[in-house]
Amino acid sequence: KYSREIQGAHGYTEISAPLINNKKLWLISGHWAHYQNNMFIVPGITKGVNATDAVQGEEAPEQYSVDAEDTMAAKPMNCPNAMMSYKRTMHSYKELPIRYSEYDVLHRKEKSGQMNGLFRVQEFRQDDDHTFVTPEQIKDEIKDVIAIADEIYKTFGITYRAEFSTRPDDFMGDIESWNSAEASLKAILDEKYGEGNYEINEGDGAFYGPKIDLQIKDALGREWQCGTVQLDFQLPHNFELTFVDKDGAQKMPIVIHRAIFGSFERFIGIITEHFKGAFPFWLNPYQVAVVPIRPEHNAYAEKVQEALIKAGVRVESDLTDVNMRDKIKKFKQMKDPYILVVGDKEAAENDRGAKQGKTMMYMFPIISLWIGFTIPAALSLYWIIQGVASTVLDLILNRKYRKIYDEEDAERLKKALEADAIEAEKERLRAEKRAANPDGITENTSKKKLQQIKQREQEAAKREAAKEYALKKGIETEEEA
């Protein structure tokens, strides 16, 4: 939703295309030659075999071939479909730039050793975009893309650095076009970050054009390539894309491939570690948890939950007959930003008591602000004034008491760690004593106990001797021995 809102504000049009495409499309785009090994392919049927024929036995594999004309493949990227979407109609220079964003499912065949939780998957979505521009529009369009990246990464509190990747060995097209594209991107980076303030990766560009990669850093200091801006002169040429210029001549547009989040799965993994599971209020899967004190408060808890849902708040509740403290503990472990505890007082006063961490707060003033804009004007002013005043008071009290609670927590944590260290040292000493003296013999051990220990040792020696004798004589049972 957040991604769509930003792209809508910047003039993007969302499209959707088939997930499986004929091999012909990938041949035109060049992916069949450069990316075939990373694609999930459905081989076509060879000549002389009908699709309705039952193919069985040892000859079955021979009837299917990736060389057949009807071979299909799940798309690993959206590029060819975006080219076909543009090609459906004629375009004028007045329409450019045309921005096609896509959130379709993509499939890439990764090796099992490369799989890594959410960070590397075989099925994923990304905030893909293909923008069709004139040469004069390249600079402004890429600057706008980087401005979007700045806004998004700043919202998530994530820093990034830019990398410039140049022509690879298996590039497509002529060198002059590549030199022109690389010069354009370098000029943009120099203006945005300053010359020398970004890394240059020689030969690491895409086979169809140079690119700018945006490397973001996670909570562990690892870098991930999420955002990318790629300039492409090849695909428009391969798909014979054109637009009518000012002079009436047919000219070829230039394509900018763009992603900011990159794979949503990877980005979710990064921010989960970045926030340690405690997401900001607007991002948290559940923003509020409702906890009734006793079962007789469940009806009012449901009423509160319904009101929050209508206000657009993501809310969950626990109406089971479980101790209230256990419910609060559960929701705190789930990192819910606010926990509303409701009982007799709240039900009677139609109020809500909110617990954030260990500091009591009041959600009612905030809810009052929302309701204030939906009720008649005469009442709305009252709600708004009450909401602002109460919220400011909460912030002042919260700041005062949070420090107290933080200091108390720190002291309790220090004592707990010291107690754990003392207990661990005691256990280590006990373990050493047990290892050195497994029978527990001390100066105070009685004569009777010493005799019992000696007797057990003698009996054990007799049994061992009996076993050895039995083995020599071929005796099967211990009793006979």
Side-chain angles (χ1 to χ4, degrees), residues 7 10-18 21-35 75-102 104 106 126-145 164-168 170-188 205-213 228-259:
Q7 294 196 145
H10 285 261
Y12 287 80
T13 300
E14 185 176 339
I15 64 173
S16 185
N21 296 280
N22 190 282
K23 180 180 80 170
K24 296 175 184 176
L25 193 67
W26 306 111
L27 285 169
I28 295 172
S29 68
H31 289 94
W32 195 258
H34 295 268
Y35 211 80
K75 62 179 181 180
M77 56 271 298
N78 295 304
C79 314
N81 294 113
M83 304 303 118
M84 295 301 293
S85 296
Y86 178 91
K87 195 175 182 179
R88 287 186 308 111
T89 58
M90 291 289 296
H91 298 281
S92 165
Y93 73 94
K94 297 179 181 179
E95 300 174 56
L96 274 56
I98 294 175
R99 307 176 184 94
Y100 287 151
S101 67
E102 295 181 68
D104 288 344
L106 301 177
Q126 63 182 22
D127 61 327
D128 212 351
D129 166 74
H130 297 86
T131 298
F132 301 84
V133 297
T134 64
E136 298 79 22
Q137 294 171 331
I138 291 175
K139 185 175 181 180
D140 288 340
E141 191 63 27
I142 293 182
K143 286 173 67 176
D144 186 62
V145 169
F164 177 38
S165 300
T166 61
R167 183 177 66 247
D170 60 342
F171 71 96
M172 289 178 61
D174 58 275
I175 293 181
E176 288 75 16
S177 296
W178 273 86
N179 291 339
S180 174
E182 289 178 355
S184 298
L185 292 185
K186 190 175 187 304
I188 293 168
F207 65 86
Y208 47 75
K211 62 178 181 175
I212 298 171
D213 288 331
T228 186
V229 186
Q230 304 174 6
L231 207 55
D232 188 350
F233 294 88
Q234 307 307 321
L235 286 184
H237 176 268
N238 294 353
F239 282 89
E240 300 178 347
L241 305 184
T242 60
F243 68 92
V244 180
D245 205 1
K246 297 177 183 179
D247 57 3
Q250 297 278 346
K251 293 187 179 179
M252 187 184 75
I254 297 166
V255 171
I256 298 174
H257 304 254
R258 186 237 65 182

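Please read all numbers here as calculations on a predicted model, not as lab measurements. Atom set for the values below is all heavy atoms of this structure, side chains included, hydrogens, waters and symmetry mates excluded.
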>> Walk me through whether T131 and Y100 qualify under side chain to side chain contact (heavy atoms under 4.5 Å, CB included).
In response: CA-CA 6 Å; T131 298; Y100 287 151; over 6 Å; no
> Between D232 and I254, is a side chain to side chain contact (heavy atoms under 4.5 Å, CB included) present by the stated rule, with each step listed?
Replying inline: CA-CA 6 Å; D232 188 350; I254 297 166; 6.0 Å; no
>> Could you walk me through whether M77 and E102 satisfy the side chain to side chain contact (heavy atoms under 4.5 Å, CB included) test, starting with their C-alpha distance in whole Å, then the side-chain angles of each, then the deciding distance to 0.1 Å, before giving a yes or no?
In response: CA-CA 10 Å; M77 56 271 298; E102 295 181 68; over 6 Å; no
>> Using the rule given for side chain to side chain contact (heavy atoms under 4.5 Å, CB included), can you reason through Q126 versus L106, listing the C-alpha separation, both sets of side-chain angles and the distance that settles it, and then say yes or no?
In response: CA-CA 8 Å; Q126 63 182 22; L106 301 177; 3.9 Å; yes
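The structure places OG of S92 at 10.5 Å from NZ of K246, a figure rounded to the nearest 0.5 Å. For the atom pair F132 CZ and F243 CZ, the distance stands at 12.5 Å (nearest 0.5 Å). The structure places NE2 of H31 at 9.5 Å from CG of L25, a figure rounded to the nearest 0.5 Å. Interatomic distance, N238 CG to L27 CG, rounded to the nearest 0.5 Å: 11.0 Å. To the nearest 0.5 angstrom, D104 atom CG is 8.0 Å from I15 atom CD1. A distance of 9.5 Å separates CD1 in I188 from CZ in F164, rounded to the nearest 0.5 Å.
Closest approach of W178 to P210, counting heavy atoms only: CZ3-N, 3.3 Å. Listed here is the closest heavy atom pair of C79 and L235: CB-CD1, 3.7 Å. Residue I256 comes nearest to V229 through the heavy atom pair CG2-CG1, 3.9 Å, listed as atom of the first residue, atom of the second, then distance. Heavy atoms only, all atoms of each residue included: V133 and P97 are closest at CG1-CB, 3.7 Å. When all heavy atoms of A17 and K75 are compared, the pair lying nearest together is O-NZ, 3.6 Å.
Summarising the local packing, NE2 of H34 is surrounded by more than 12 heavy atoms from other residues, nucleotides or ligands at distances under 6.0 Å. Heavy atoms of other residues, nucleotides or ligands lying less than 6.0 angstrom from CD of E240 number 12 at most. More than 12 heavy atoms of other residues, nucleotides or ligands lie within 6.0 Å of CE in M252, so this atom counts as buried by the packing criterion.
Of the possible polar contacts, none joining the D245 side chain to the D247 backbone as a donor-acceptor pair under 3.5 Å is found.
Remark: D213 engages E163, S165, K211, Q215, Q225, T228 in a side-chain contact (heavy atoms from CB on, under 4.5 Å) (not counting sequence neighbours).
Using modelled atom types, one finds a donor on one side chain and an acceptor on the other under 3.5 Å when comparing H10 with D144. At a cut-off of 3.5 Å, with distance as the only test, no side-chain donor of D129 or S101 sits close to an acceptor on the other residue.
Annotation: side chain of P76 is in contact with side chain of W26 (closest heavy-atom distance under 4.5 Å). Residues L241 and M83 meet the side-chain proximity criterion, which asks for heavy atoms closer than 4.5 Å. For the pair Y86 and P236, the minimum side-chain heavy-atom distance is 4.5 Å or more. Side chains of N179 and R167 form a contact here, defined as non-hydrogen atoms less than 4.5 Å apart. Side-chain contact between T242 and K251: absent, with no pair of heavy atoms (C-beta onward) separated by less than 4.5 Å.
Ion pairing between a basic and an acidic side chain is recognised when a charged N comes within 4.0 Å of a carboxylate O; R258 and D128 show no such pairing.
Note on residues 132-143: pairs passing salt bridge (Lys or Arg N to Asp or Glu O under 4.0 Å), not counting sequence neighbours, are R99-E141, K139-E191, K143-E191.
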